[in-house]
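See below for the structure under consideration.
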Amino acid sequence: MVKIKKKSDQNRQFIIVGVLSLLILLGVFRSDMSSFLWGQFAISTPAIVFSDNPEIVFAIGEYNFGGGAYNTFLAERAYRKTLALDAVYPLANYQLGRIAFTRGQPLTALSFLNRELELYPDHYRAYYMRGLVRGFDNARDLVGAEKDFRTFISYHPDEWAGHNDLAWVLLKAGKWEEARDAAKEAFDATGDLENPWLWNSLGAALLNLHQYQKAQEAFTKALEYARDLGAEDWRLAYPGNDPRYAEEGIFDFKNVILANLKRSEELLSTGNVRLF
């Protein structure tokens, strides 16, 4: 007598065979599969898990860090996987440093940025990021931040952000005249005479130098040029920040300028010599 297998036993066998086949496929074709998932559907997580190609995994990180989407969790996974596949992959440490900075993790950010510069000392944009970290850090390594920004500017004199953040650090250090000169030099170096960030920084330096009339003029220009700022302008100025908060960032920046302008007008009208 032939024993008839139960249907449940047959289903179980099908499942086992299917799972074994999938495991074999993953083992043999995992790299091709990850390329297909990413290339055709931009599906990040499986592609990160299965890929053994650092170029593909790094590209996934770039996509998720403002290159098409903004998901720092996936971007971090991708950059870490990139380094696991290639410990000296260019820019991976740099991008991890940027992500740590956006999360308020200065020590982690410095570790990654220092590693990037150790591997690639000619990656001068890493100096700019390290300057930001040092300037924002509670320890306030303003001397180190100033040095980093000056190094960056020496190689990228035409980028306004380096000049503006140098002025910002000099203001924090109480170096009013140097901050004023840094802002003025920015206009000459970049030719960007309608940049509201630079005018605001110049105004802040002039205010601290008790040059209230000139400060008022600078803040007036800053407000004038900030009026037409849009979300895209903010994203270009702060590419590592969450683009969902671009409108909020513009609103806050304009309020800062307004507060500075009001302060300059008050001091100009009263002759008050109190520092800004």
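In what follows, residues are counted from 1 in the order of the sequence shown.
Taking the ring centroids of Trp168 and Phe136, they lie under the 6.0 Å cut-off. Outside the 6.0 Å centre-distance limit, the rings of Phe112 and Tyr94 are not counted as a close aromatic pair. Aromatic ring centroids of Phe187 and Trp199 lie under 6.0 Å apart.
A salt bridge between Glu224 and Lys221 is absent, with no side-chain N of the basic residue lying under 4.0 Å from a carboxylate O of the acidic one. Under a 4.0 Å N-O distance rule, the pair Lys214/Glu217 does not qualify as a salt bridge. The existence of a salt bridge linking Arg235 and Glu232 is confirmed by a sub-4.0 Å separation between a basic side-chain nitrogen and an acidic carboxylate oxygen. In summary, Glu76 and Arg103 engage in a salt bridge, as defined by a charged side-chain N under 4.0 Å from a carboxylate O. Between Glu178 and Arg150 there is a salt bridge, with a side-chain nitrogen of the basic residue lying less than 4.0 Å from a carboxylate oxygen of the acidic one.
With a 6.0 Å radius and a threshold of 12 heavy atoms from other residues, nucleotides or ligands, Glu55 has its CD atom at or below the threshold.
With hydrophobic clusters built from ILVMFWY side chains whose heavy atoms lie under 4.5 angstrom apart, Leu119 does not share a cluster with Met129. Phe253 and Tyr225 fall within a single hydrophobic cluster, where Ile, Leu, Val, Met, Phe, Trp and Tyr are joined by side-chain heavy atoms under 4.5 Å apart, directly or via other members. A chain of hydrophobic side-chain contacts below 4.5 Å, direct or via other Ile, Leu, Val, Met, Phe, Trp or Tyr residues, connects Phe219 to Leu258. Residues Tyr120 and Tyr89 do not share a hydrophobic cluster, clusters being chains of Ile/Leu/Val/Met/Phe/Trp/Tyr side chains in contact below 4.5 Å. No continuous path of hydrophobic side-chain contacts links Phe251 to Val256 [ILVMFWY only; heavy atoms under 4.5 Å].
Checked by atom type and distance alone, the side chain of Ser154 pairs as donor or acceptor with a backbone atom of Thr151 at under 3.5 Å. Side-chain atoms of Arg134 come within 3.5 Å of backbone atoms of Gly144 as a donor-acceptor pair (strictly under, hydrogens ignored). Checked by atom type and distance alone, the side chain of Tyr70 pairs as donor or acceptor with a backbone atom of Gly240 at under 3.5 Å. Of the possible polar contacts, one joining the Lys81 side chain to the Ser51 backbone as a donor-acceptor pair under 3.5 Å is found.
Thr72 is not listed as a side-chain neighbour of Asn64, based on a closest heavy-atom distance of 4.5 Å or more. Residues Arg263 and Glu266 form a side-chain contact, since some pair of their non-hydrogen atoms from C-beta on lies under 4.5 Å apart. Within the 4.5 Å cutoff, side-chain heavy atoms of Pro239 are placed close to those of Arg98.
Across all non-hydrogen atoms, the minimal contact from Gly203 to Ala215 is O-CB, 3.6 Å. When all heavy atoms are compared, the tightest approach of Pro196 to Leu229 is CG-CD1, 4.1 Å.
By the ring pair (Phe, Tyr, Trp, His ring centres under 6.0 Å) test, Tyr128 pairs with Phe149, Phe152, sequence neighbours left out.
Between Trp234 and Tyr238, the ring planes are tilted. Angles from 30° to 60° get that label.
No hydrogens or angles considered: a donor-acceptor pair under 3.5 Å links the side chains of Glu62 and Tyr79. Counted by atom type alone, Asp158 and Thr190 present zero donor-acceptor pairs between their side chains at under 3.5 Å.
A side chain to side chain donor-acceptor pair (under 3.5 Å) with Glu116 is found for exactly one of Gln95, Arg125, His123, namely His123.
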| Hey, mind stepping through Arg115 and Glu118 against salt bridge (charged side-chain N to carboxylate O under 4.0 Å, His left out) and telling me if it holds? | CA-CA 5 Å; Arg115 177 59 176 163; Glu118 178 186 339; 3.0 Å; yes
